[in-house]
Amino acid sequence: MMERPAKLLCCSIRLDRAGCRTLVLSSVCLVWITLFGGSVPAESMLEQSASRLITTLGEKGYHDTAIAVLDQLARDEAVSDSFRGKIPLWRANERVASIRETSDADERKRAYEGAISDFNGILKGHQDLSIAAEAAFQLGMVFLDMGRLSRNQAVAVGKDINKAQQFFVSAVDIFVGPRSGQTALSAIEKELQQVEGFIGEYRDRRLIAPDDRRELNQLEQDRERLRGRRVQVQLLAAEAFSEMAECFQHDSKEWGQSLEEALRRYHAVYLSTPTRSAGLWARLEEGKTLLALGRIKEGQEVLLEITKLPSSETLIYQLRVKAVDTLLASWINTTSLKDDEQFDERLRQFVLGDSPVSPLDSDYLAMQYRSAELLWRRQEALPAESKDARKSLLADVRILARDVAQAG
């Protein structure tokens, strides 16, 4: 009996788009009837099942159907006030998701403007820290998208890009401040403080009952999630400054200031979590930013550090690929062969070795292509009498070129 509503809700997503919405809404209504006929707490079961349905619909791209389900939930008296308070946020998220991939720039712009109003309304009217943090985070993401959209439109038609710059500034402001109102970072830190307080209360007990142990485990999971989210918004703030630099003329004062601020923030994230994935990603971006600022030796040293990480996880391997590709791009742009001496046997084996990522991965293909370019340059620079060395380099070039060609 307790599993039946979830099965009813989940089965509806297997239909095609034409029939999905009608059956989804019918399933939700059937869940209402099923829940009220049993002895289980109705609201809890209804809300859990509905949450799973909304999540699954969003993941499968049925955003309009998810919005319809949310609208029906908002009108139902069986829904608790706490659950009802989340509906505007979920609805706004689905609205943004439904438009994010469209190629119509004007349509996206109108939808984003509506979403900005939605998220601001949620922030002004909500005291729940988790909802405020998520609303601020999503608002920052919309500002980032608006900045990219406005910048690309302005560049295409040769217009002023000051508006795009302001969107990036707004993204930073809502992610981490210095705005006076709620930011994603401040809401996350307040919620994290609450969670750590609850954990401390449990830890102070001499004995913890099984139910309390489960609650403690959930709190510890929440703490890890919030810590990850805190680093994420700091990374996004750095990314906003990095992207804002593209709004200015290369080598201008404003361009340099934006990149320097991005560099400072990337380095701070790395120092805060040097062994975690987010910190290593920040380190990669730090190296790339140093290269962009013309601090070549420093940037290459940071990126070479990334290439030496053990590839125990796919993400770490991907970071190494990105670092090698960035280094290759830097080395190929130089005129002296001495500049690429760091592309040694270790990196050669990495480039030619087995890969856990898809052979169609864009970073992986770029790394292979640039490696072939660099090795070809070395082969051509060798004297004619170095036949064995030239033959070995040419063999590597052929392997790399073949792999790139097979990928299309």
Side-chain angles (χ1 to χ4, degrees), residues 1-13 27-28 30-60 66 69-70 73-74 76-90 93 126-137 184-233 272-273 275-279 312-315:
M1 178 67 180
M2 291 181 66
E3 295 179 356
R4 189 177 174 193
K7 289 181 179 177
L8 284 170
L9 286 164
C10 293
C11 75
S12 61
I13 63 170
S27 296
V28 172
L30 186 53
V31 168
W32 258 258
I33 297 168
T34 304
L35 289 170
F36 286 119
S39 59
V40 203
E43 291 181 0
S44 174
M45 283 294 296
L46 169 63
E47 291 165 6
Q48 289 176 18
S49 299
S51 295
R52 286 194 291 270
L53 171 63
I54 293 161
T55 299
T56 307
L57 288 171
E59 289 173 350
K60 290 187 174 291
V69 172
L70 287 167
L73 287 166
D76 194 272
E77 295 179 359
V79 173
S80 67
D81 290 341
S82 61
F83 187 88
R84 194 185 307 277
K86 301 174 185 177
I87 291 176
L89 173 62
W90 288 343
N93 285 344
H126 235 291
Q127 300 301 316
D128 186 297
L129 287 175
S130 62
I131 292 178
E134 183 64 16
F137 176 83
L185 183 61
S186 64
I188 290 167
E189 288 181 334
K190 288 174 185 175
E191 188 181 3
L192 184 57
Q193 188 176 10
Q194 278 187 353
V195 169
E196 288 178 336
F198 294 142
I199 291 173
E201 290 176 9
Y202 280 112
R203 294 295 187 195
D204 290 339
R205 299 179 186 179
R206 294 182 64 184
L207 294 174
I208 302 178
D211 288 346
D212 291 339
R213 171 62 65 184
R214 284 191 289 271
E215 179 65 22
L216 176 59
N217 290 339
Q218 182 59 55
L219 286 168
E220 289 175 338
Q221 290 176 24
D222 290 343
R223 180 173 61 183
E224 289 305 304
R225 175 183 59 80
L226 289 166
R227 285 173 174 173
R229 197 65 146 176
R230 180 174 60 185
V231 173
Q232 186 181 15
V233 297
S272 70
T273 176
T275 60
R276 304 292 288 270
S277 298
S312 54
E313 303 174 19
T314 300
L315 177 59

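In this text the structure is predicted, and so the values were computed from the model without any measurement.
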Colleague: Just wondering, do V79 and D76 contact through their side chains at under 4.5 Å, heavy atoms?
Modeller: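 Yes, their side chains come closer than 4.5 Å.
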Colleague: Run the salt bridge (charged side-chain N to carboxylate O under 4.0 Å, His left out) test against E196 and tell me which residues pass, sequence neighbours left out.
Modeller: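 Scan of E196 (salt bridge (charged side-chain N to carboxylate O under 4.0 Å, His left out), adjacent residues dropped) gives R227.
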Colleague: Supply the atom-to-atom distance S80 OG to K86 NZ, rounded to the nearest 0.5 angstrom.
Modeller: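 Atom-to-atom, S80:OG and K86:NZ are 7.5 Å apart.
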Colleague: Got a second to check how far L219's CG is from E201's CD, nearest 0.5 Å?
Modeller: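 Here the rounded value is 9.5 Å.
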Colleague: Taking atom CG of L129 and atom CD of E189, what is their separation to the nearest 0.5 Å?
Modeller: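 If we round to the nearest 0.5 Å, L129:CG and E189:CD are 11.5 Å apart.
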Colleague: What are the two closest heavy atoms between V233 and A184, and how far apart are they?
Modeller: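 Closest pair (atom of V233, atom of A184, distance): CG1-CB, 4.0 Å.
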Colleague: Tell me, please, which residues at least two apart from Q218 pass side-chain contact (heavy atoms from CB on, under 4.5 Å).
Modeller: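 For Q218 the side-chain contact (heavy atoms from CB on, under 4.5 Å) partners, ignoring immediate neighbours, are Q221, D222.
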Colleague: Which value, rounded to the nearest 0.5 Å, describes the distance between L226 atom CG and Q194 atom CD?
Modeller: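 Nearest 0.5 Å value for the CG-CD distance: 10.0 Å.
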Colleague: For Y202, is the OH atom crowded, meaning more than 12 foreign heavy atoms sit under 6.0 Å from it?
Modeller: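 Count over threshold, so yes.
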Colleague: Under the rule for salt bridge (charged side-chain N to carboxylate O under 4.0 Å, His left out), what residues qualify as partners of R84, not counting sequence neighbours?
Modeller: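 Applying salt bridge (charged side-chain N to carboxylate O under 4.0 Å, His left out) to R84 gives none.
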Colleague: Residues in salt bridge (charged side-chain N to carboxylate O under 4.0 Å, His left out) with R230, at least two apart?
Modeller: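 Residues passing salt bridge (charged side-chain N to carboxylate O under 4.0 Å, His left out) with R230: none at all.
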Colleague: Could you walk me through whether I54 and L73 pass the side-chain contact (heavy atoms from CB on, under 4.5 Å) test, one step at a time?
Modeller: CA-CA 11 Å; I54 293 161; L73 287 166; 3.8 Å; yes
Colleague: Do E313 and S277 have side chains that approach each other closer than 4.5 Å (heavy atoms only, starting at C-beta)?
Modeller: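 Yes - at least one pair of side-chain heavy atoms lies under 4.5 Å apart.
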Colleague: Considering only NZ, NE, NH1 and NH2 on the basic side and carboxylate oxygens on the acidic side, decide whether R229 and E134 come within less than 4.0 Å.
Modeller: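 A salt bridge links R229 with E134.
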Colleague: Just to verify, what does E220 make a salt bridge (charged side-chain N to carboxylate O under 4.0 Å, His left out) with, not counting sequence neighbours?
Modeller: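 E220 satisfies salt bridge (charged side-chain N to carboxylate O under 4.0 Å, His left out) with R203 once adjacent residues are dropped.
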Colleague: How would you list, by chain and number, every residue that makes a ring-ring contact (aromatic ring centres under 6.0 Å, His included) with F83, sequence neighbours excluded?
Modeller: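 Scan of F83 (ring-ring contact (aromatic ring centres under 6.0 Å, His included), adjacent residues dropped) gives W90.
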Colleague: Could you pull out the closest heavy-atom pair between I188 and A133, with the gap in Å?
Modeller: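 Smallest interatomic distance, heavy atoms only, reads CG1-CB, 3.9 Å.
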Colleague: Using 0.5 Å steps for rounding, measure from the CG atom of L216 to the CZ atom of R205.
Modeller: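 The CG atom of L216 sits 9.0 Å away from the CZ atom of R205.
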